[in-house]
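The chains referred to below are lettered A, B, ... by the order of the sequence lines, with proteins before strands, and numbering in each begins at 1.
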Amino acid sequence: MSPDVLVVDDSAAIRKILQRVLRQTGMDIGTIHEAGDGQEALELLKLHKPALILSDINMPKMDGLQLLAAVKGSDSWREIPVVMITTEGGEAKVGEAVKLGAAGYVRKPFTADQIKEKLAGILEPVLPL
Amino acid sequence: MNLQELIVNCICHATANVFTTMLGVEVRQGETRIENGAPEVNDGVVSLIGLAGSWTGAGSISCTPALACRICSALLMAESTSVDEDVLDAVAELTNMIIGSVKTDLEEHLGPLGLSIPTVVFGRNFRTRSAANADWMVVPFDWDGEILLVRLCLTRAERETRGHLQIASHPCTVDV
């Protein structure tokens, strides 16, 4: 069974772009779930266990760093790699994400190749290219 | 380089990079101007985003409905012909990426800055005004005859904590 991916971003446009980019990578991906903020993502995680989470940082209700902390603090979810995709390129935010256990970091704007390159290193064992 | 020149450089670099990377198009930079006083009347789509920290202010992007649809079509690779949720969301995300990149570049010189969630307005005959009484750097960009305006104003906060409060309690206002 192909592993699922969870995309978390308050912008529907970015979620659609990431859906398209993920399908174009050639990776064997199952369902791509979408959430508009960290809270929605946590609700989805109770129902589905994805092989990867791609998350924005700046979001209403619960931001990406709070989501990352919740995932890494959970016995059920801490093994899921979380890649942050965000405009927040400052060292402070990057450092905080790394400290919380982010598997990677992609700065917006991004190209399909940048996403593919970042995910290849993280997901090769999980999602065959 | 003074602050105004730095802001304009950051806007030009960020806008060109976002359009090339995300939309696959080149935009041509127009003549920069400074706006102060009564804001111009707007028709179309305006997206606003707040900045806070040791410096406070706001960034905005404005364009015609036709250009907003064109931006959405290029971003999502699906044709948009009228301003709907997808178009407003696409313009909001474009603002987030451009002003977010400007913010990251400015942080090297001004220290850490916070970025709010964008707000998008679509309508006719309205004015946007920031509570911060500062000059706005306005940089026009031309995409095949359609003009996109990127604006940014930034002032040093009297105190960092007050700066956060200013953004939270007095964001840009809209006079319709």
Record all donor-acceptor atom pairs with a distance under 3.5 Å between chain B and chain A; write none if the list is empty.
from    : atom 1 : to      : atom 2 : distance (Å)
L76(B)  : O      : R20(A)  : NH1    : 3.4
D86(B)  : OD1    : K16(A)  : NZ     : 3.1
D86(B)  : OD2    : K16(A)  : NZ     : 3.0
D89(B)  : OD2    : S11(A)  : OG     : 3.0
D89(B)  : OD2    : A12(A)  : N      : 2.9
D89(B)  : OD2    : A13(A)  : N      : 2.6
E93(B)  : OE2    : K108(A) : NZ     : 3.1
K103(B) : NZ     : E88(A)  : OE1    : 2.6
T104(B) : OG1    : T87(A)  : O      : 3.4
T104(B) : OG1    : G89(A)  : N      : 3.4

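Applying the side-chain hydrogen bond (donor to acceptor under 3.5 Å, both in side chains) rule to R33(B) yields the partners E35(B); only residues at least two apart in sequence or on another chain are considered. Not counting sequence neighbours, the partners of A66(B) by the side chain to side chain contact (heavy atoms under 4.5 Å, CB included) test are T64(B), E146(B). In this structure, D43(B) has no salt bridge (Lys or Arg N to Asp or Glu O under 4.0 Å) partners at least two apart in sequence or on a different chain.
Top candidate by heavy-atom pairs under 4.5 Å with chain A, chosen from I117(B), L113(B), I98(B), is I117(B).
Cluster annotation: L88(B) and M77(B) are assigned to distinct hydrophobic clusters (Ile/Leu/Val/Met/Phe/Trp/Tyr, side-chain heavy-atom contacts under 4.5 Å, transitive).
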